[in-house]
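Written out below as C-alpha cells is the structure these notes cover.
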Amino acid sequence: MRSAESLAGEEDLRIPQRRKRKVGGGKPGWTDNMARRALKIVSWTSMALASSGFYLYSNKYLDPNDFGAVRIGRAVATTAVISYDYLTSLRSVPYGSEEYVQLKSKIQDLFQSFEDTPLGAASLAQVHKAVLYDGRTVAVKVQHPKVQAQSSKDILLMEVLVGAVKQLFPEFEFMWLVDEAKKNLPLELDFLNEGRNAEKVAEMLKRFGFLKVPRIYWELSTRRVLLMEFVEGGQVNDKVYMEKNQIDVNEISRQLGKMYSEMIFVNGFVHCDPHPGNVLVRKCPGTGKVEIILLDHGLYQILTDEFRLDYCHLWQALIKADMKGVKKYSQRLGAGELYPLFACMLTARSWDSVNKGIGQAPVTANEDVEIRNNAATYLPEISQLLNRVPRQMLLILKTNDLLRSIETSLSTRASASSFLNMSRCCTRALAAHKREQTCSLLKKTQISLGESLSLWQINLHELFLRMRGSWLGNWVFALLYWLSPTPH
C-alpha cells in the first residue's frame, strides 16, 4: 500500500492564504515547522507500509530477510526458487514435504523457459517472463514467500507509528490509514481476486477499443501465483518512448480520462493504483493501433450508488463553478465546514480557481507554488477531513493524485477535454439513475431526450475548443473578426 502521501494530497492542494496560528506564545512559524515535521512522520509511516519493511517480533528476534529493502533485493532470485514456490502453491503441496522434494526435479514440466531476472519487483510480489510448452509467452506474478504471514505485522507496525504521531500531534487523525490497510491488504494478497477484477474491468470497459487488459490463465493461477498474458509497452509517463513510437500524448491523456471517468461515475468500480508502472502504452503489433495496457488489478474500490451519484453532482458543480452545489454535495460527502478545502483537494486548484471555474484557465506555476507553501500549514485540517469523509473517498483521492501526476508528466494537466469527458460520464450516470427511478415511459423518454441534448451541447463545446486550437480554426475566427461590423 502506498496510500498516505497520495491520499493527503499534500503536493497538489491549493487553498486560500490565511494567518498562521500561534500556539502557546511560541515563535512565529513554530506551527508550520511542527506541521512539516508531522508531514515527514506521516510520510515515513506510509513508506513503512509501502515497503512492508520493519517487523516486530514478540520473541525479540529480527531476521535480516524481513527488512523491506532485503526482500525487494531478492528480486534477483533464481528460476528454481521462484518456480518451486509456484509449483508448490499450484499443487497445494506442503513446503518441505517429501512430495515437495520430488516435484523439484520435475520443474521443467511447467515452463519451457523462465527468465531469472524479474520484469518488476515490489514489496508484495515480483513478475517474471516465461514461456509455456505450448509456445505462449506469459507473465508470472509470484508473491514473496513471507508476505502472507508478515502482513499482520505490517499493520501492527503501522498502528504503532500512527499512534506515535497521534501522541506527538493530537490534532492529526490518521487512524483511517490503519483501517484501510486492514481492509485492503488481504485483498491485494489474494491473486485470484486480482484475476477476477481484471476480467470484470475488461468486460465493463470492452467498448473502449484502446484498452488492453492482459488475459488471465486460470488453470495455472493460485492465490499466490497469477499467470497472465505477456504484454509489452512503455510507461504512460514516458514521453521519450511516446515520441519515438509516434504516440500522441494528448490522445493518451484523453483516453485515460475517459477510462477512469467511466469507472468512477458510471460503473462505480475503480482501479485504484494507476501509477506509471501499472499503466503502459504501445502500438499494437498487429494493427498499429495505440493501446493503453492496464496492469495490477489487486486494489479496486466499489462505490455505493449514493456516493457515486453525489460525487457526480459534485463534479458537475465544480466544472460549472456552481458554488452552492459545491457546498451542498461536498457536505453530503462528509466535508462539513471544510468543504472549500475538500474542493481544492479534489481539483488540485486554488480556491480562487474553483470559484472562477476549474475549466476556465490552466494551472499556473504560481498556483503550484501556492499549494506547496500552504500544504503543511493545513495538515491538521487535511487529517480531520480525511477522517470524516466516507472510506470510499480515500482511494478515490489517491487515484486522482496518481492520475494528476501522470497528466503533469505529459504536460496535459487540467486540459479542457478531461473536464468534458467527466461531464459526459456524469450526465449519463445521473440520467441512467433517473430512468431507473421511474416506471413512466413518458418520463423515461423525457429523461433520455434531456440527456441527449446535454451530451450534444458538450460535443458542440468540444468541437468549438478543437477548432479554436487548430490553425484552421484560428484563421476562421480571425476572418470572422475582420468581417464583423464592430469597430476594430
| query | Quick one: does L294's side chain get under 4.5 Å of V279's, heavy atoms only? | reply | yes
| Backbone of I406 reached by a side-chain donor or acceptor of H275 within 3.5 Å | no
| field | Derivation of the side-chain contact (heavy atoms from CB on, under 4.5 Å) call for V201 and M263 | value | CA-CA 8 Å; V201 80; M263 286 189 211; 4.2 Å; yes
| request: Would you please test S350 and S353 for side-chain hydrogen bond (donor to acceptor under 3.5 Å, both in side chains) and show each step? | output: CA-CA 5 Å; S350 69; S353 295; 3.1 Å; yes
| message | Given 3.5 Å as the limit, does a donor-acceptor pair link the side chain of H313 with the main chain of C426, or not? | response | no
| If every non-hydrogen atom of V326 is compared with every non-hydrogen atom of A343, which pair is closest and at what distance? | CG1-CB, 4.0 Å
| said: Going by side chain to side chain donor-acceptor pair (under 3.5 Å), name the residues that satisfy it together with E203, two or more places apart in sequence or in a different chain. | reply: K206
| Residue pair F111 / A130: nearest heavy atoms and the distance that separates them | CD2-CB, 3.7 Å
| Non-neighbouring partners of K200 that pass side-chain contact (heavy atoms from CB on, under 4.5 Å), sequence neighbours left out | F269
| message | Go through it in stages, so that I can follow the logic: the residues are L455 and R428, the test is side-chain contact (heavy atoms from CB on, under 4.5 Å), and I'd like the CA-CA distance, side-chain angles, deciding distance and then a yes or no. | response | CA-CA 8 Å; L455 292 174; R428 287 171 46 221; 4.1 Å; yes
| said: Can you list everything that forms a ring pair (Phe, Tyr, Trp, His ring centres under 6.0 Å) with Y260? Sequence neighbours excluded, please. | reply: none
| query | Does a side-chain heavy-atom distance below 4.5 Å link V138 with Y217? | reply | yes
| request: Measure the shortest side-chain to side-chain distance between I396 and V270 over non-hydrogen atoms and say whether it is less than 4.5 angstrom. | output: yes
| query | Taking only residues two or more places apart in sequence, or in another chain, which ones meet E194 in a salt bridge (charged side-chain N to carboxylate O under 4.0 Å, His left out)? | reply | K141
| Which residues satisfy the side-chain contact (heavy atoms from CB on, under 4.5 Å) test with D310, sequence neighbours excluded? | E306, Y329, R332, L333
| request: Inspect the surroundings of CD in Q246 and state if more than 12 heavy atoms from other residues, nucleotides or ligands are less than 6.0 Å away. | output: no
| query | Considering residues at least two apart in sequence or located in another chain, which fulfil the side-chain contact (heavy atoms from CB on, under 4.5 Å) criterion with V290? | reply | I247, I252, K283
| Under the 3.5 angstrom rule, does the side chain of Q392 hit a backbone N or O of T304 as a donor-acceptor pair? | yes
| task | For residues L211 and M259, determine if any side-chain heavy atom of one lies less than 4.5 Å from a side-chain heavy atom of the other. | result | yes
| remark: Heavy-atom closest pair (L295 atom, G277 atom, distance to 0.1 Å) is CD1-O, 4.0 Å
| Set of residues satisfying salt bridge (charged side-chain N to carboxylate O under 4.0 Å, His left out) with respect to K244, sequence neighbours excluded | none
| message | Under a 3.5 Å distance rule, please check whether R223 uses its side chain to pair with a backbone N or O of S221 as donor and acceptor. | response | no
| query | Is a side-chain donor or acceptor of D238 paired with a backbone partner of G234 at a separation under 3.5 angstrom? | reply | no
| Test side-chain contact (heavy atoms from CB on, under 4.5 Å) applied to V231 - qualifying residues, sequence neighbours left out | K212, P214, E229, R282, I293
| field | Minimum heavy-atom distance L280-Q235, with the two atoms named | value | CD2-CA, 4.0 Å
| message | Tell me every residue that passes ring pair (Phe, Tyr, Trp, His ring centres under 6.0 Å) with F208, counting only those two or more places apart in sequence or in another chain. | response | F210
| note | The salt bridge (charged side-chain N to carboxylate O under 4.0 Å, His left out) partners of E199 (sequence neighbours excluded) come to none
| Is it true that a side-chain atom of S383 and a backbone atom of P380 form a donor plus acceptor pair closer than 3.5 Å? | yes
| message | For K434, I'd like to know if atom NZ has over 12 heavy atoms of other residues, nucleotides or ligands within 6.0 Å. | response | no
| query | Are any non-hydrogen side-chain atoms of L386 and M345 less than 4.5 angstrom apart? | reply | yes
| task | May I ask you to decide if D273's main-chain N or O and N278's side chain share a donor-acceptor pair within less than 3.5 Å? | result | yes
| field | Step-by-step salt bridge (Lys or Arg N to Asp or Glu O under 4.0 Å) determination, K398 to D401 | value | CA-CA 5 Å; K398 173 192 173 184; D401 284 346; over 6 Å; no
| task | For R136, enumerate each residue passing the salt bridge (charged side-chain N to carboxylate O under 4.0 Å, His left out) test, keeping only those at least two apart in sequence or located in another chain. | result | D134, E219
| remark: Hits for side chain to side chain donor-acceptor pair (under 3.5 Å) against D179, two or more places apart or cross-chain, chain-then-number order -> none
| request: Would you mind reporting whether L395 and Y300 have side-chain heavy atoms less than 4.5 Å apart? | output: no
| task | Check the pair M228 / F191 against side-chain contact (heavy atoms from CB on, under 4.5 Å), numbers first and verdict last. | result | CA-CA 11 Å; M228 66 200 98; F191 288 175; over 6 Å; no
| request: Provide the closest heavy-atom pair for W218 versus L192 in the form atom of the first, atom of the second, distance. | output: CH2-O, 3.6 Å
| request: Using atom types as modelled and distance alone, determine if a side-chain donor or acceptor of R308 lies under 3.5 Å from a backbone N or O of F265. | output: yes
| field | N459 vs R424, side-chain hydrogen bond (donor to acceptor under 3.5 Å, both in side chains): CA-CA, chis, key distance, verdict | value | CA-CA 9 Å; N459 292 337; R424 285 191 186 94; 2.9 Å; yes
| query | Counting N and O atoms only, with roles assigned by atom type, does the side chain of H128 sit under 3.5 Å from a partner on the main chain of V140, one being a donor and the other an acceptor? | reply | no
| note | Nearest heavy-atom approach of L346 to Y311 is CD2-OH, 3.5 Å
| query | Within a reach of under 6.0 Å around CZ of R388, are more than 12 heavy atoms found that belong to other residues, nucleotides or ligands? | reply | yes
